[in-house]
There are 2 protein chains.
Amino acid sequence: MQRPTRQRAAIADAFASQGRPLSPQEVLEIAGAALPALGIATVYRNLKLMTEEGLLRVVTLPGGLPLYEPATHDHHHHFQCNSCRRVFDIQACPGDLKGMAPPGFLVEGHEITLYGQCKDCRSGAGPAA
Amino acid sequence: MQRPTRQRAAIADAFASQGRPLSPQEVLEIAGAALPALGIATVYRNLKLMTEEGLLRVVTLPGGLPLYEPATHDHHHHFQCNSCRRVFDIQACPGDLKGMAPPGFLVEGHEITLYGQCKDCRSGAGPAA
DNA sequence: ATTCGTGCAAACCGTTTGCAGTGCT
DNA sequence: AGCACTGCAAACGGTTTGCACGAAT
């Protein structure tokens with residue numbers, strides 16, 4: 001079992017404050033603002049630990065680095081903005097994709113990524129980053 | 001413009017012979033069987049070139065390295081086997097996922113990955129690799 | 001006091017690049 | 001001959017690990 005540390009808390013806070021998947025670098029920057037001595041190795045270690053504990057989940061999108069997100073929400077999907085590259089959660093799910101697989105293949109799960117323009121970019125406001 | 005070389009041919013053949021997305025390493029092994037002196041750098045260079053030319057396409061799946069596949073087929077999706085981890089093409093597409101995005105978001109494209117057991121693994125035959 | 005977590009720096013691994021030699025035109 | 005492509009090896013960037021210090025129990 002692991003101990004509650006300032007670092008772990010800062011990392012958890014980073015996710016809570018952003019509400020979207022984050023890269024290790026982003027976590028370092030955001031959590032590092034609250035805890036300047038925070039090192040990248042600690043971020044990686046905790047991301048991996050928290051993922052194994054089921055607190056986080058890895059989101060790997062095409063052409064991008066792996067992102068991490070809180071595993072609190074249930075089944076959902078992602079939307080990546082073609083302009084600002086940020087990734088957002090989508091709660092909707094079409095369900096029932098079993099029919100898509102070729103005969104002989106057993107479908108156990110699925111993942112959907114939508115691409116397009118996010119609200120900010122579409123309105124010309126630019127990323128709210 | 002690029003010249004036709006033995007290496008390029010061997011790499012193209014690798015994709016043609018497998019009919020599924022391949023990792024750079026797999027390409028090296030398969031094409032390297034026909035052309036032993038083939039180096040990994042050449043594989044990477046050609047994969048990148050062929051991708052820029054539109055001959056190949058990059059497929060990035062969660063938890064995996066980037067894969068490459070021939071860009072000949074039109075819009076399609078992927079199926080990854082939870083047992084052997086191999087990736088297969090799926091021609092089906094549910095289409096019309098625009099309704100899934102939150103208000104204010106513009107959907108321009110989508111990508112779907114199914115997970116489960118492939119034909120080989122399900123039948124107990126094991127990967128035909 | 002003991003044990004686990006952190007920070008730093010070196011190690012790693014997949015990918016890219018520089019350079020000299022080879023093959024294609 | 002001229003130039004692109006290859007192979008090797010060094011360089012790179014993100015991620016992981018070893019080790020000694022600091023924090024939590």
Side-chain angles (χ1 to χ4, degrees), chain A residues 1-15 18 21-69 80 85-87, chain B residues 1-15 18 20-69 71 80 85-87:
Chain A
M1 206 57 219
Q2 45 292 323
R3 297 167 181 177
T5 67
R6 206 155 307 144
Q7 289 81 350
R8 271 177 82 87
I11 291 172
D13 285 350
F15 286 104
Q18 298 297 310
L22 300 175
S23 70
Q25 277 306 325
E26 287 177 307
V27 172
L28 176 64
E29 286 157 23
I30 298 170
L35 206 80
L38 183 63
I40 187 68
T42 299
V43 171
Y44 278 106
R45 269 190 286 241
N46 277 304
L47 289 180
K48 179 180 262 194
L49 270 175
M50 293 162 86
T51 301
E52 284 164 4
E53 290 166 28
L55 299 176
L56 297 180
R57 180 180 300 145
V58 185
V59 182
T60 313
L61 296 185
L65 315 170
L67 304 178
Y68 291 79
E69 69 177 0
Q80 181 168 38
R85 296 280 106 192
R86 287 186 303 173
V87 175
Chain B
M1 205 57 225
Q2 44 290 324
R3 298 166 182 178
T5 67
R6 219 156 296 150
Q7 288 81 350
R8 270 176 84 88
I11 291 173
D13 285 350
F15 285 105
Q18 298 297 310
R20 60 181 177 84
L22 300 175
S23 70
Q25 277 306 324
E26 287 177 306
V27 172
L28 176 63
E29 287 157 22
I30 298 170
L35 207 80
L38 183 63
I40 187 68
T42 299
V43 171
Y44 277 107
R45 269 190 286 241
N46 277 305
L47 290 179
K48 180 180 261 192
L49 271 175
M50 294 163 86
T51 301
E52 284 164 4
E53 290 166 29
L55 299 176
L56 296 180
R57 179 181 299 143
V58 185
V59 182
T60 313
L61 296 185
L65 315 171
L67 305 177
Y68 291 79
E69 69 176 359
Q80 180 167 40
R85 294 281 107 192
R86 287 185 303 172
V87 175

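A, B, ... follow the sequence lines: proteins, then strands. Residue 1 opens every chain.
- The distance between atom CD of A:Q7 and atom P of C:dC8, rounded to the nearest whole Å, is 11 Å.
- Across all strands, B:L38 comes closer than 4.0 Å only to sugar-phosphate atoms, never to a base (heavy-atom distances).
- In terms of position along DNA chain D, the nucleotide closest to B:G39 lies nearer the 5' end than the nucleotide closest to the other residue of the pair A:P24 and B:G39.
- The interatomic distance linking A:L47 (CG) with C:dT6 (C1') rounds to 15 Å, in whole Å.
- B:K48 has its NZ atom 10 Å from the C1' atom of C:dT17, to the nearest Å.
- Remark: C1' of D:dT17 and CG of A:N46 are 15 Å apart, rounded to the nearest angstrom.
- Formation of a donor-acceptor pair under 3.5 Å by the B:Q80 side chain with backbone atoms of B:V87 is not found in this model.
- Side chain of A:R45, nearest nucleotide from C:dT25, C:dT6, C:dT17: C:dT6.
- Expressed to the nearest 0.5 Å, how far CG of A:L35 lies from CZ of A:R6 amounts to 7.0 Å.
- One finds the OH atom of A:Y68 at 5.5 Å from the CG atom of A:L47 (value rounded to the nearest 0.5 Å).
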(request) For the pair B:R20 and B:E26, evaluate salt bridge (charged side-chain N to carboxylate O under 4.0 Å, His left out) and give the outcome as yes or no after the intermediate values. (result) CA-CA 11 Å; B:R20 60 181 177 84; B:E26 287 177 306; 3.5 Å; yes
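- Comparing D:dA9, D:dT17, D:dT25 against the side chain of B:A41 picks out D:dA9 as the nearest.
- Atom CD in B:E52 sits about 12 Å away from atom P in D:dC5, given to the nearest Å.
- Listed nucleotides C:dT17, D:dG7, C:dT6 differ in distance to B:A37; the shortest reach to its side chain belongs to D:dG7.
- Atom CG of A:L65 and atom P of D:dG13 are 13 Å apart (whole Å).
- Note that CG of B:L49 is 10.5 Å distant from OG1 of B:T42, once rounded to the nearest 0.5 Å.
- Side-chain atoms of B:R6 stay outside donor-acceptor range of the base of D:dG7, with no qualifying N/O pair under 3.5 Å.
- Between B:T5 and B:I40, the one whose closest nucleotide on DNA chain C sits nearer the 5' end is B:I40.
- Atom P of nucleotide C:dC4 and atom CZ of A:R8 are separated by 14 Å, given to the nearest angstrom.
- Regarding B:E53, its CD atom lies at a distance of 9 Å from the P atom of D:dC5, rounded to whole Å.
- The residue B:P66 sits close only to the backbone: its heavy atoms come under 4.0 Å of sugar-phosphate atoms, none of a base.
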